[in-house]
Structures are given as structure tokens and as C-alpha cells.
Amino acid sequence: MTFWQWLQENWVKTLSSIGALNSALITATASGMFTGLLPENSVKWLALGGFFMNAWLIGVGFNNSAKVAVAKVIDNALQATPPKQSGFARIGLLTGIAVALLAGCAAFGVPKLESFGERLAGGYVTVTGARTLTTALLNGQVIGSKDAQNVQDQANSAREGLDVAGTLTGLDAENKLSSALAIANAALDYLCAKAPTDPNCLGR
Amino acid sequence: MDVMNIVTLLTLLNQTAALAAKLAAIAKTMQAEGRTELTAEELADLRVTDDSAAAALDAAIARAKAERR
């Protein structure tokens, strides 16, 4: 098998892997992981390079003919070697990467969230992350509209709790924040129940 | 899986990375300034981002329902 044949058969994985690595690079750079290790200008160029490469990958740099060519290559590759599993496994893997990015914030430079305000911000990001993940799963036809609506309802409940928690003080605020985070985590657990084989869901 | 699905997934990865970066920036600023509460601007930014994600999910659900998925 030539490299070109391999690339055709693994085009989706290759593009997705580069995208994931770029996203990790942007996050790591933005969070200051490389600060002190590399000269300041190198850090800026790393972030800019990752951003523009991802912008190209997600289509900003593709003209229509290039998109058609890429689509043809992918279609040919899929027709030549039909996937043993449905798109579920690949989408699950990629969304797993996204969950890992979200759940593994510490690895990407997010400091430990200690104060009430920091945990409140973490709650909002968790809710937004659950919605974003659900949108991708729905668009990828991994889950149906009923499941997506279920997560959306849970996310709305969690969001209401977070909004209220932000207006309270002391123990009341802590209790409201805890219950809102429990709802948000339940929503993520629900999503992982739909993708139980995903390695990033095994710990949930 | 077509090109649009790849675009969707890469967009998801970018959005997730952006969320993690946003949280990191807020937490680091709060710790550097010794604050324990979010500013009104930080709170508004987080809420607007979530509102946008909620609207995107609502639109995706509406599309899926129209396609009887």
C-alpha cells in the first residue's frame, strides 16, 4: 500500500487528528503552558500558526473545487473500504476527544477552580460544553432529536440554577451551585450513556 | 461521513478548546487579582456564550425534527 492509498483510506482520521492537535496547541498556548519555556514571540507564532491551520482545515481556506475534490476522495475511500462500524465509532472517538479537552482542562492549563466565582464560571463552561457536544452528536446523527432535547432541557435547568446561584451569597449560593453542577454533570452522563464505548466516558 | 461532518467536528474541537481557554483566562485573572467573585463583564460573556450554544442546539433540534430524526 502506498502512502497516498493509506491517506485516502484514513483521510477522515488524519484531518480530525490534525484538527484535534491544533486545538490542543491553541488551548495550551492560550493558557500559558509554553510561557517561560519558549521566547514570547515563539508563543505568539505557535498560537497564530495553530489558529490559521485550523481555519484552513475547517474550510475557510478551501475553495469550492477543493471541497468537492476532498468530498470525492472521502466518498471513494468509504465506498472502497466500507467502515466495519457505522459513523458512530469515529464520531464517538472525536467527540471523546472534545470531552477529554473539556474534562481535562487541568491538563491544558486551567488552574484548579477553588473560589465560588471560579466554580461558577466552570459551571457555565460545563453547560455550554454539554450543549456544544450535543449539537455535534445530533448533527453527526449519533443521537436523535429526542435525546438532544432531553440534554437541552437539563442544560436549561442547570443554567437557571447557575443564574440564581450568582445572585445569592454564602451557603445558599454554594447549595444552588452544587445542585446546578449536579444537573450539568447528569446531562454529560446522559450523553456518555449514548456513547458507552467511548474511552473518555468510561470514568463517568 | 461527508465534508460537512468533518467541518462540524473540527468546529466542535475548536469551540471546546476556546471554552477551555476562556475558563483558564478567567480563573487566572481572578487568582492574579485575588478576586473570588466574577465581574459583571465576565458573567455576561459566559452567559452570551451559553445563549449562543443554546440557540445553535435549538436550531439543530428543529432541523432534526423536520427531517424526522
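Lettering follows sequence order; numbering is per chain, from 1. All of these numbers come straight from a predicted model, not from anything done at the bench.
Using a 4.5 Å cut-off on side-chain heavy atoms (C-beta onward), Leu162(A) and Asp50(B) make no contact. No side-chain heavy atom of Val151(A) sits less than 4.5 Å from a side-chain heavy atom of Leu137(A). Side-chain contact between Glu37(B) and Leu120(A) is absent, with no heavy-atom pair separated by less than 4.5 Å.
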>> Assess the residue pair Asn156(A) and Glu160(A) against the criterion (side chain to side chain donor-acceptor pair (under 3.5 Å)); give the C-alpha distance rounded to whole Å, side-chain angles, the decisive distance to 0.1 Å, and a yes or no.
In response: CA-CA 6 Å; Asn156(A) 287 341; Glu160(A) 283 172 21; over 6 Å; no
- request: Mind running side-chain contact (heavy atoms from CB on, under 4.5 Å) on Lys65(B) and Ser145(A) for me, showing each step along the way?
  value: CA-CA 6 Å; Lys65(B) 281 181 178 172; Ser145(A) 57; 3.7 Å; yes
* Asked: Could you walk me through whether Ile26(B) and Leu46(B) pass the side-chain contact (heavy atoms from CB on, under 4.5 Å) check?
  -> CA-CA 10 Å; Ile26(B) 290 175; Leu46(B) 289 165; 4.0 Å; yes
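Both the backbone and the side chain of Gln31(B) come within contact range of chain A, judged by heavy atoms closer than 4.5 Å. Contact annotation for Ala148(A): both backbone and side-chain heavy atoms come within less than 4.5 Å of a heavy atom of chain B. Heavy atoms of Ala25(B) lying under 4.5 Å from chain A are absent altogether. For Arg63(B), the part lying under 4.5 angstrom from a heavy atom of chain A is the side chain only.
Looking only at atom types and distance, the side chain of Asp163(A) has a donor-acceptor partner in the side chain of Tyr124(A) under 3.5 Å away.
Using a 4.5 Å cut-off between non-hydrogen atoms, no part of residues 168-181 of chain A approaches chain B.
Highest contact tally toward chain A, considering only Ala64(B), Ala54(B), Ala62(B), is held by Ala54(B) [criterion: heavy-atom pairs under 4.5 Å]. Highest contact tally toward chain B, considering only Val127(A), Thr132(A), Leu138(A), is held by Leu138(A) [criterion: heavy-atom pairs under 4.5 Å]. Among Arg159(A), Arg119(A), Glu114(A), Lys146(A), the residue making the largest number of heavy-atom pairs under 4.5 Å with chain B is Arg159(A). Counting heavy-atom pairs closer than 4.5 Å to chain A, the top-ranked of the candidates Asp51(B), Thr39(B), Leu57(B), Thr49(B) is Leu57(B).
Across Thr36(B) and Ser115(A), no two heavy atoms sit closer than the pair O-OG, 3.5 Å.
Electrostatic pairing of Lys28(B) and Glu118(A) does not count as a salt bridge here, judged by no charged N lying under 4.0 Å from a carboxylate O.
Taking CD of Gln152(A) as the reference point, atom CG of Asp147(A) lies at 13.0 Å (rounded to 0.5 Å).
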